[in-house]
Trainee: 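My structure is below; once you've seen it, I'll send some questions.
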Number of protein chains: 2
Amino acid sequence: MIADQSPVAPNPARKQQQRSIVTQQKLLDAAIQAFSENGFKGTSTRDIAERADVHHPLITYHFKNKDLLWRAAADRMFKQFNVSLIKAMSEVPEVDPKARAEVFIRTYVRCAHSQPAMHKIILQESSYPSDRLDWLIATHLKPLFELVVDQLKVLQELGIAPAGNPALLYNMIRVSAGGLLALGLEIKGTSDIDLEDQRELDELADMIVRVFLPG
Amino acid sequence: MIADQSPVAPNPARKQQQRSIVTQQKLLDAAIQAFSENGFKGTSTRDIAERADVHHPLITYHFKNKDLLWRAAADRMFKQFNVSLIKAMSEVPEVDPKARAEVFIRTYVRCAHSQPAMHKIILQESSYPSDRLDWLIATHLKPLFELVVDQLKVLQELGIAPAGNPALLYNMIRVSAGGLLALGLEIKGTSDIDLEDQRELDELADMIVRVFLPG
DNA sequence: TCTTAATTAGTCCAGATTGGACGATTTTAC
DNA sequence: GTAAAATCGTCCAATCTGGACTAATTAAGA
């Protein structure tokens, strides 16, 4: 994912320098990490700058303020996630719905593992109403939701997926992957399952497929 | 749940007054709410005192400091949850494992709905290692985990629950209930499902039973 | 009822942190 | 070489931090 352009400067008379792109990426990565750990309110811009190893006034320079930094960081993360998902799906033939669903689940597990911050941020923003949540839903969550639920209905008609409200089913799958992976430390503490281990990760994906696509 | 005793005073020469119990409960409720929204770091003791409508130095008086307040609040919440669960289970005959499992799931859904803060706090504390997480696992998470996983193994042998690692299965059930309910606002935004509605809540419980206890 | 411990109210503090502003300096594209 | 882009260093005013302290109030036990 390459930044289209600096999020701030409107009409550059000279093109953006390479190092500024690096700085922005470092800030965005650090922001996702920090926000996912401590929430929007609990995260200071100085904390983000320190994690990124960047002088903190550069946040103002590149992103104007904390709100816009949050939005840019979330945008990047969700775009990466959704693009990975759609790309993986595009490589599976349309004619085999069960195979498509299986690829979707395995890809979702893989992406959720490489970006556990996503689920944490969604959950945090679901704590109370906010502009950030509205934006998240409208921009990234609802589009994917509608795409997947339509396909889930087909799977249910074919007897591949369990009956019932497909929206609930979608969310159960989602939390069984993303929500469970975000609990990595806790699960390691209670059960000695290490979801950093590729084999255990595959086992989780197998299990989700088995449970949610029994047909 | 009644507080055994004031968490601070060691040897009261005169018994604890009723109003102090009320103050403590108000503080504990407010603390759970605040911590679940903004995390430990993102929550100030003053914020908690304001939510509880209590003068903030009373936190020092009743709980000594922020850490101990967090622990007392979490302890209360988890005890309530686990006790509800065990109580419900004790009313089901031992001889019918499937009925027991179904009661467990429906009770878990009901409790998770009445206390969505629990899942949020677990997830927050799973972000990075801490004494709080260690304590949570050892005191409340692991005991329940071991209890349930043993019963899950029986269900798997009977062909009632799907095959696979029972620890993963347990956690999938847990997040399908608690994790999904904690996402209430998001789910309402994407799908118009209102999990405050008792019928929709029952539908979720039905779905979890259907998916995880197909046998 | 009276005494006194338990609880609360009110105030204060010193220090840290907050998001953000600003000019001086360095780096790099053209 | 030069001017724009990016970074640095420093500053600020406001707010918030957890906690300390004394005086006032309430209620338990004799």
Side-chain angles (χ1 to χ4, degrees), chain A residues 3-28 30-31 34-35 37-73 130-132, chain B residues 3-28 30-31 34-35 37-73 130-132:
Chain A
D4 317 312
Q5 201 182 354
S6 169
V8 162
N11 271 329
R14 188 184 289 187
K15 103 172 185 195
Q16 184 184 23
Q17 293 180 15
Q18 190 59 34
R19 58 177 176 156
S20 91
I21 296 176
V22 173
T23 301
Q24 286 174 26
Q25 309 274 340
K26 284 199 292 182
L27 281 171
L28 291 173
F35 284 131
E37 280 178 23
N38 298 315
F40 182 81
K41 190 190 155 199
T43 301
S44 71
T45 56
R46 277 179 164 82
D47 178 21
I48 294 169
E50 270 173 37
R51 290 176 191 243
D53 199 23
V54 153
H55 276 242
H56 95 269
L58 288 181
I59 288 178
T60 307
Y61 178 75
H62 284 292
F63 299 99
K64 186 161 176 167
N65 60 38
K66 186 178 170 181
D67 259 283
L68 289 176
L69 171 59
W70 182 91
R71 184 156 307 198
S130 72
D131 289 345
R132 295 190 302 278
Chain B
D4 317 313
Q5 202 185 353
S6 169
V8 163
N11 272 330
R14 186 184 292 186
K15 103 172 187 196
Q16 184 184 22
Q17 293 180 13
Q18 190 59 35
R19 58 178 178 158
S20 92
I21 296 177
V22 173
T23 301
Q24 286 175 25
Q25 308 275 341
K26 284 200 292 182
L27 280 171
L28 291 172
F35 284 132
E37 280 179 21
N38 299 315
F40 182 81
K41 190 190 156 198
T43 301
S44 70
T45 56
R46 277 179 163 83
D47 178 20
I48 293 169
E50 271 175 36
R51 290 176 191 242
D53 198 24
V54 153
H55 271 87
H56 96 269
L58 288 181
I59 288 178
T60 307
Y61 178 75
H62 285 291
F63 299 98
K64 188 161 174 168
N65 60 39
K66 185 178 169 182
D67 259 284
L68 290 177
L69 171 59
W70 183 91
R71 185 157 305 198
S130 72
D131 290 346
R132 295 189 302 277

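Atoms considered below: every heavy atom in the structure, side chains included; atoms not considered: hydrogens, waters and symmetry mates. Keep in mind the model is a prediction, meaning the values are calculated, not measured. In what follows, chains are A, B, ... by sequence order, proteins preceding strands, each numbered from 1.
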Trainee: Roughly how many Å is it from CZ in A:Phe40 to C1' in C:dG19, rounded to a whole number?
Mentor: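 Spelled out: CZ on A:Phe40 to C1' on C:dG19 is 11 Å.
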Trainee: How many Å lie between CG on B:Leu58 and C1' on C:dT7, as a whole number?
Mentor: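 After rounding, the reported distance stands at 8 Å.
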Trainee: Return no unless some side-chain N or O of A:Ser44 is found under 4.0 Å from OP1 or OP2 of C:dT18.
Mentor: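 So the side chain of A:Ser44 is within the cut-off, an N or O lying under 4.0 Å from OP1 or OP2 of C:dT18.
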Trainee: Give a yes/no on whether any side-chain N or O of B:Ser20 is located under 4.0 angstrom from OP1 or OP2 of C:dT7.
Mentor: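 Yes, within the criterion.
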Trainee: What bend angle does the helix from C:dT1-D:dA30 to C:dC30-D:dG1 show across its length, from five-pair end axes and to the nearest 10 degrees?
Mentor: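 Both end axes considered, the difference amounts to 30°.
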Trainee: Can you tell me how far CZ of A:Phe63 sits from CD1 of A:Ile48, rounded to the nearest 0.5 angstrom?
Mentor: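 The CD1 atom of A:Ile48 sits 10.0 Å away from the CZ atom of A:Phe63.
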Trainee: Start with the C-alpha gap between B:Lys41 and A:Asp47, add the side-chain angles, then the distance that decides, and say whether side-chain contact (heavy atoms from CB on, under 4.5 Å) holds.
Mentor: CA-CA 12 Å; B:Lys41 190 190 156 198; A:Asp47 178 21; 3.8 Å; yes
Trainee: Pull out every residue in residues 46-57 of chain A that has a heavy atom closer than 4.0 Å to any atom of DNA chain C, ordered by number, or say none.
Mentor: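 Those residues are A:Arg46, A:His56, A:Pro57.
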Trainee: So, is B:Thr60 near the phosphate of D:dG19, with a side-chain N or O under 4.0 Å from OP1 or OP2?
Mentor: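 Checking B:Thr60 against D:dG19: no side-chain N or O falls below 4.0 Å of OP1 or OP2.
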Trainee: My understanding is that only residues two or more places apart in sequence, or in another chain, count here; which of them pass side-chain contact (heavy atoms from CB on, under 4.5 Å) with B:Ala52?
Mentor: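 By the side-chain contact (heavy atoms from CB on, under 4.5 Å) rule, B:Ala52 matches B:Lys26, B:Leu27, B:Ala30, B:Val54.
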Trainee: Please report, rounded to the nearest Å, how far the C1' atom of C:dT27 is from the CZ atom of A:Arg19.
Mentor: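 Atom CZ in A:Arg19 sits about 4 Å away from atom C1' in C:dT27.
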Trainee: Whole angstroms only, please: what is the CD-P distance between A:Gln24 and D:dA6?
Mentor: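 One finds 8 Å between P of D:dA6 and CD of A:Gln24, rounded.
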Trainee: If the cut-off is 4.0 Å, is B:Thr23 near the phosphate of C:dT8, judged by side-chain N/O to OP1 or OP2?
Mentor: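 Result: yes.
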Trainee: Taking all heavy atoms of B:His55 and all of B:Ala49, pick out the closest pair and write down the distance.
Mentor: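 For B:His55 and B:Ala49, the tightest heavy-atom pair comes out as C-CB, 4.3 Å.
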Trainee: Taking C-beta and beyond as the side chain, do A:Ile59 and A:Asn65 meet within less than 4.5 Å on heavy atoms?
Mentor: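 A side-chain contact is absent here, since even the closest heavy-atom pair is not under 4.5 Å.
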Trainee: Determine the minimum heavy-atom distance between A:Lys66 and A:Phe40, stating which atoms define it.
Mentor: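 Heavy atoms of A:Lys66 and A:Phe40 come nearest at NZ-O, 3.1 Å.
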Trainee: Figure out the NZ/P separation between B:Lys66 and D:dG18, and round it to whole Å.
Mentor: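 The distance from NZ of B:Lys66 to P of D:dG18 comes to 5 Å, rounded to the nearest Å.
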Trainee: Taking all non-hydrogen atoms of both residues into account, name the closest pair between A:Ala34 and A:Thr43 and its distance.
Mentor: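 For A:Ala34 and A:Thr43, the tightest heavy-atom pair comes out as O-OG1, 3.2 Å.
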Trainee: Within this structure, what is the CG-to-P distance between B:Asn65 and D:dG19, rounded to whole angstrom?
Mentor: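 The answer, rounded to whole Å, is 5 Å.
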Trainee: Less than 4.5 Å apart, any side-chain heavy atom of A:Asn38 and any of B:Asn38?
Mentor: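 No, side chains not in contact.
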Trainee: So, B:Arg71 and B:Asp67, do they make that salt bridge, N to O below 4.0 Å?
Mentor: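 Salt bridge absent between B:Arg71 and B:Asp67.
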Trainee: D:dA28 P sits how many Å from B:Ile21 CD1, rounded?
Mentor: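 The distance from CD1 of B:Ile21 to P of D:dA28 comes to 10 Å, rounded to the nearest Å.
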Trainee: For B:Lys41 and D:dC16, give me the distance from atom NZ to atom C1', rounded to whole Å.
Mentor: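 For the pair B:Lys41 NZ and D:dC16 C1', the rounded distance is 14 Å.
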